[in-house]
Number of protein chains: 2
Amino acid sequence: MIDPLDLTALIERNRPRFRTATEFVEAAMREAILSGALPGGAPLRQEELATAFGVSRMPVREALRQLEARALVEFNPHRGAVVAEISAGDSADIGAIRAALEPAALRLSLPRLSAADFALAEELIAEMDAEPDPGRMGELNRRFHMTLYARAGRPRLLALVEQHLAAADRYLRFQFAALGYHPRSQDEHHALLAACRAGDADAACGAVVDHVMAAEEQLTAFLGGRRG
Amino acid sequence: MIDPLDLTALIERNRPRFRTATEFVEAAMREAILSGALPGGAPLRQEELATAFGVSRMPVREALRQLEARALVEFNPHRGAVVAEISAGDSADIGAIRAALEPAALRLSLPRLSAADFALAEELIAEMDAEPDPGRMGELNRRFHMTLYARAGRPRLLALVEQHLAAADRYLRFQFAALGYHPRSQDEHHALLAACRAGDADAACGAVVDHVMAAEEQLTAFLGGRRG
DNA sequence: CACGCATATATTGGATCCAATATCCACGCA
DNA sequence: TGCGTGGATATTGGATCCAATATATGCGTG
């Protein structure tokens, strides 16, 4: 049973931003899943969600289908949808994808990055140092990475990267809550930015891969390595 | 207006394979889009599709939402959905993604490939030589690649790879129809398989990247390079 | 007392209905 | 004659209703 109060905060706040109820429900539920408000395995009763969002079951159904295509929820015919579980195996999967995509995006973007981009990235690192909330923290981390990739000029690639950065957030929140923030990650952010500023594509890509892999290893160890 | 006869072939053939109408419609429409039966830009009228599939508008709507999340169709609120357009820019986008993901999948899979896997890959190459139909051709090409990646043991990564192999098919069909099949591609398949058999991961990954990039360059040139 | 079967209930899947919005066309006016 | 406005029409978005299926409960029987 989902506590209605947990969701009411997310709901109705940015309702008017969306043109259709389906859009609204999809965005709110994605946010809820990625932020951990809806934990892995949580059953998603359509009627319950519909009343929580103040709509009928139909926008909920369409939103659930979209989230299914993004692997955030899983459907079982006639049995309902549940929030996709997190696991060590899935974390490794996401890590492998990030380690492949992010250097590719960076390599395309790097030559076109401007001084303003570097300044923004620097500022985001500083904000991360001061941010205690894990949720905002993940958001800042995502924006830092995306700032460096943004000039790649490949919308599809960037959408994939952002999607998997967000997916990784679900896991990083775990790590953050359990171990506190790892200062090594900030060192890696600085190193990455320095390599970018120097225009050294190979070093920058290496830094990204190391960064992703390090976080991934930490996580796999933390999650107990139940699966490869 | 969609010619109903174009779709009727796809419809009702494997209808019983699916447990829900939504699953069925989603699979059929994805197939239709990827195979080119529904070309880019084609308007997707819900009522029309519903009668074509012999269902109500609802499964169609849910299927369209799933396809939207996979970037195969585009929605405009209150204006309807259209099949996602193909373009030189999008082709380059897909090429960049493939060039990043496929070597990663291959590197994970390569050490675990068996003699049977190599034999299957070899057979698929041979079948490609004899296949005149572009549709079946793409299918064989996809299976060849996926055979080499299958042992990666990363379901999420493999799903992404397969998804973008399929997306690339939409473009390769173009190339095939206009230029005929390029024998160079088969040479590259042989070289790739040889490197895999030799267990040379670096060479194999290099071969994949070259293969993807070569096809991509051909395509970009053919599509006129309207966009980067 | 355990197991299997039948029935009851809850929940999803699918169809139909109504409302909201966009497009199209005609008409009037400058 | 060209442009803008207003209404008619088509199509989507959302709500409600019905059917199909899965789970749970309880009964009977071995």
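The chains referred to below are lettered A, B, ... by the order of the sequence lines, with proteins before strands, and numbering in each begins at 1. All figures in this text were calculated on a predicted structure; none of them were measured in a lab.
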Integer-rounded Å distance: C/dT12 C1' and A/Leu64 CG: 11 Å
Atom-pair distance (CZ on B/Phe18; P on C/dT12), nearest Å: 23 Å
A/Gln46 side chain, from C-beta outward: closest of C/dT12, C/dA15, D/dA15: C/dT12
Heavy-atom donor-acceptor pair, A/Arg61 side-chain to D/dG14 base, under 3.5 Å: no
B/Arg45 side chain, from C-beta outward: closest of D/dG13, D/dT11, D/dA22: D/dT11
For atom CZ of B/Phe75 and atom P of C/dA22, their distance in whole Å: 16 Å
Between P of D/dG13 and CG of B/Asn76, the distance in whole Å: 10 Å
Distance in angstrom units between B/Arg19 CZ and C/dG14 P, rounded: 12 Å
Nucleotide C/dG13, atom P - distance to CZ of B/Phe24 in whole Å: 17 Å
Qualifying residues under ring pair (Phe, Tyr, Trp, His ring centres under 6.0 Å), relative to A/His164, sequence neighbours excluded: none
Nearest-nucleotide 5' precedence on DNA chain D, A/Glu23 against A/Pro77: A/Glu23
side-chain N/O B/Arg79 vs D/dT11 OP1/OP2, d < 4.0 Å: no
Any A/Thr20 side-chain N or O less than 4.0 Å from OP1/OP2 of D/dT12: no
Any donor-acceptor N/O pair, A/Asn76 side chain to A/Arg79 backbone, under 3.5 Å: no
Whether B/Phe144 and B/His189 hold their rings parallel, tilted or perpendicular, with breakpoints at 30° and 60°: tilted
Aromatic contact, B/Phe24 with B/Phe53 (centres under 6.0 Å): yes
For atom CE of A/Met58 and atom P of D/dG14, their distance in whole Å: 9 Å
Base D/dG13 paired with B/Arg57 side chain (donor-acceptor, <3.5 Å): yes
Which nucleotide in C/dG13, D/dT16, C/dG14 has an atom nearest any side-chain atom of A/Ser56: D/dT16
Spacing between B/Leu44 atom CG and D/dT12 atom P, to the nearest angstrom: 9 Å
Short N-O contact, B/Arg65 and B/Glu62, less than 4.0 angstrom: no
